[in-house]
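Written below as structure tokens is the structure these notes are about.
All values below were derived from every heavy atom in this structure, side-chain atoms included, with hydrogens, water molecules and symmetry-related copies excluded.
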Amino acid sequence: MKFFKLLFLSILGITLYACEDKVQQSHITTDICVLGGSEAGFTAAIQAARLGNKVILIVPTGHPGGMVVEGLGKDIRFGSARVIGGIAREFYEKVEANYGQKADFENPKWYSKYEPSVAEAVIEQMLKNEDNITLIRNTRIREKNGVVKNENRVEKVILKNGSEIKAKVFVDASIEGHLLHFAGITTETIREGNEKYGENLNGVQEVNTFKQFMVDVDPYIIEGDSTSGLIPTIQAGELGNHGDPSHYIQGFCFRMCLTKDEQNRLPINKPEDYVPERYEIYRRYLKEGGQLFKPEANRQNGKTDIGSWHDLSANLYGENWEYPEGDYEKQDSIIQYHRSFTLGLLWFLQNDESVDSLTRANWEGWGLPKDEFTDNGNWPRRLYIRSGRRMVSEYVITEHNVNIKVKDTVSDPIAIAWWPPDVHHARRIVKDGKAYNEGFTHVENDGTWKPFKISFQATVPKKDECSNVLTPTCLSSSYVGYGSIRIVPTFMIMGQSVGAAAAIAVSENVDVQDIPYSELEKVLLSQNQLLALPDDWLEIITMNN
């Protein structure tokens, strides 16, 4: 293990030095430019490079891999490992090999319990093995005039560090969709509402029982006094009508990686900007007998992946709606607020006198791992952005794709989506004088969903808007439809497929909308992608619901 950590540091140091020195404030011409360090970004770059293209991969955080390297671990469920092929499969095999284990893709209960630093080391090595990939780290597209177009083609992007990159094809592998937006491609960010696509699960959810408050919590600063204002984490506003559009979107969180290993643990110190009043809702929740979420060692070497999907946890419902369309300053401020709030919450749970003995015991002894996120105070560099910009193209993925009663007619698959429509609560309001969570759509156990084929058409914009941009992460989809495709392995798979499509567009000199699917399919199958559902898919998901 120590050798692997040293190897990781060696790889990271060499790569950072080489890449940054090569591209700082330079003019670069390449075949394919991939923007965004997400799970899809590194697989798109690798696939395009393996098909003989020179690739620039731009990683704003400096750490390729997205949430894979930022704390999210339990990313395989419902038997979804059965449709993981290609580069994603390579990744999981390499990660498991590091621990002396083998990936068990045929086992519906299996998932990889990798540590973020190990995942990062594997990804860095995979990228280093490709001679045709150049990384640019710690910079992003310039907000003003950062994308230069000639009619319906992007000619170049200009980065904040001064670099200009010309490419034949561009891939937006971010979650935020900055390239799409700056290139004038139509995107959506809100819950559209049910009427737009004839859905049932979009927009305002009038009745929410899933992950609803288990106890009654008074929402007012002065308890019982509605004129005194609302305590933090609760927003003003009425519930609204079921299915109406709403700009509130599912909550974000950090996937907290903690440890109890005394040799590898840093204590949770009281943040300098700690504000006790922020956590009043947690005090009242505990006072009423509620039980809060707790950490568990669910990944290798006793570390955690603490998600937030509970009635009251680290999801800041209603605090993120400005993020998708915000400028860099706004987005950065929202990330910083989530970090400040979450670190303060950890200190609160371990130290506040109002916290009961059971909750304190649950959190006692947990701290930040010394060997994770070492360049960021041992805290994840990336907030888990569950919903950003979504492209609006000629083809739109909706909840109908995932509805078990609707026949799958997709004839140009690039991946299999194997996840129910999964969108968290979007806001916390007052209903009947109590705190109320609104927005969770939960259908994983009700037998209404199915895995489905993801159409290549969802990755390409309308031709008159742009003919040389693809996206594996901001797919053309409704808010609810996106809830079934926003999963780590699915992103990795789609990234590889889009990387292959970009390579074909370069070699054939065609618009991305005119890529022959028969040719793309042939390439994907040759690269070990899995494009068909197993015959026993219904038995698998039924067994795992």
Side-chain angles (χ1 to χ4, degrees), residues 190-191 193-194 200-253 274-294 307-323 334 337-338 340-342 344-345 348-349 352-360 362 386-387 423-443 479:
I190 69 169
R191 293 186 281 172
N194 283 330
N200 296 307
L201 303 174
N202 213 335
V204 171
Q205 300 298 294
E206 188 173 5
V207 177
N208 275 111
T209 58
F210 186 71
K211 303 302 180 184
Q212 194 51 260
F213 276 95
M214 302 299 292
V215 295
D216 290 341
V217 177
D218 190 296
Y220 305 116
I221 293 175
I222 300 175
E223 295 189 54
D225 182 358
S226 61
T227 66
S228 63
L230 299 172
I231 61 176
T233 81
I234 298 179
Q235 296 87 47
E238 299 298 320
L239 175 63
N241 297 315
H242 182 75
D244 279 355
S246 172
H247 64 247
Y248 286 102
I249 57 172
Q250 59 183 320
F252 300 163
C253 70
Y274 182 75
V275 180
E277 292 76 18
R278 285 180 177 174
Y279 309 102
E280 179 62 22
I281 193 169
Y282 298 87
R283 294 187 185 92
R284 296 184 184 185
Y285 184 92
L286 291 170
K287 184 180 70 174
E288 295 297 327
Q291 293 186 357
L292 290 171
F293 72 130
K294 61 182 180 180
S308 293
W309 45 75
H310 318 75
D311 56 342
L312 182 63
S313 58
N315 267 346
L316 289 177
Y317 301 134
E319 307 282 352
N320 63 339
W321 66 270
E322 293 180 287
Y323 186 92
I334 290 172
Y337 181 74
H338 278 70
S340 173
F341 185 98
T342 307
L345 176 61
F348 167 86
L349 293 169
D352 194 279
E353 62 183 14
S354 68
V355 175
D356 63 280
S357 58
L358 174 61
T359 302
R360 284 200 190 193
N362 288 337
R386 292 187 172 100
S387 184
V423 291
H424 294 226
H425 286 302
R427 57 182 174 148
R428 180 171 293 144
I429 58 175
V430 179
K431 182 181 180 183
D432 299 327
K434 304 298 180 184
Y436 183 81
N437 294 325
E438 185 275 315
F440 218 126
T441 293
H442 180 73
V443 300
Y479 175 77

Discussion item. Please check if the number of heavy atoms outside Lys431 that lie under 6.0 Å from its NZ is greater than 12.
Written reply: yes

Practice prompt. Look at atom CD of Gln291 and say whether more than 12 heavy atoms of other residues, nucleotides or ligands are closer to it than 6.0 Å.
Written response: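 No, the 6.0 Å shell around CD holds no more than 12 heavy atoms from other groups.
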
Discussion item. In terms of relative ring orientation, are Tyr282 and Phe341 parallel, tilted or perpendicular, with 30° and 60° separating the classes?
Written reply: tilted

Worksheet item: Should the pair Phe252 and His338 be assigned to parallel (<30°), tilted (30 to 60°) or perpendicular (>60°) ring geometry?
Response: tilted

Side chain to side chain, [X] and [Y], heavy atoms closer than 4.5 Å:
X      : Y      : result
Leu239 : Glu206 : yes
Lys434 : Phe213 : no
Glu438 : Val204 : yes
Leu349 : Thr359 : yes
Glu280 : Glu277 : no

Fill in: Distance flag, aromatic centroids of Tyr337 and Tyr323, threshold under 6.0 Å
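Centroid separation for Tyr323 and Tyr337: 6.0 Å or greater.
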
Check whether [X] reaches the backbone of [Y] with its side chain - one donor and one acceptor, N or O, closer than 3.5 Å.
X      : Y      : value
His247 : Ile190 : no
Asp244 : Gly193 : no
Gln212 : Asn437 : yes
Asp218 : Gly224 : yes
His424 : Tyr317 : no
Arg428 : Ile234 : no

Taking all heavy atoms of [X] and all of [Y], pick out the closest pair and write down the distance.
X      : Y      : value
Ala435 : Ile281 : CB-CD1, 4.5 Å
Gly203 : Arg191 : O-NH1, 3.1 Å
Val215 : Gly289 : CG1-C, 4.1 Å
Asp225 : Ser228 : O-OG, 2.7 Å
Asn320 : Gln250 : ND2-O, 2.8 Å
Ala236 : Leu230 : N-CD1, 3.6 Å

Worksheet entry | Tyr436: partners by ring-ring contact (aromatic ring centres under 6.0 Å, His included), with sequence neighbours left out | none

State the [atom1]-[atom2] distance between [X] and [Y], to the nearest 0.5 angstrom.
X      : Y      : atom1 : atom2 : answer
Phe348 : Tyr279 : CZ    : OH    : 9.0 Å
His425 : Leu316 : NE2   : CG    : 14.0 Å
Ile231 : Arg284 : CD1   : CZ    : 4.5 Å
Leu312 : Phe293 : CG    : CZ    : 8.0 Å
Leu292 : Leu345 : CG    : CG    : 8.0 Å
Leu201 : Asn194 : CG    : CG    : 7.0 Å

[X] and [Y]: side-chain donor and acceptor closer than 3.5 Å?
X      : Y      : answer
Tyr285 : Asp311 : yes
Ser313 : Asn315 : no
Arg427 : Ser246 : no

Worksheet item: Does the pair Arg278 and Glu319 meet the rule for a salt bridge (charged side-chain N to carboxylate O under 4.0 Å, His left out), with working shown?
Response: CA-CA 13 Å; Arg278 285 180 177 174; Glu319 307 282 352; over 6 Å; no

Worksheet item: Excluding sequence neighbours, so at least two apart, what forms side chain to side chain donor-acceptor pair (under 3.5 Å) with Lys287?
Response: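 Expected list: Glu223.
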
Worksheet entry | With Gln205 via side chain to side chain donor-acceptor pair (under 3.5 Å) - residues at least two apart | none

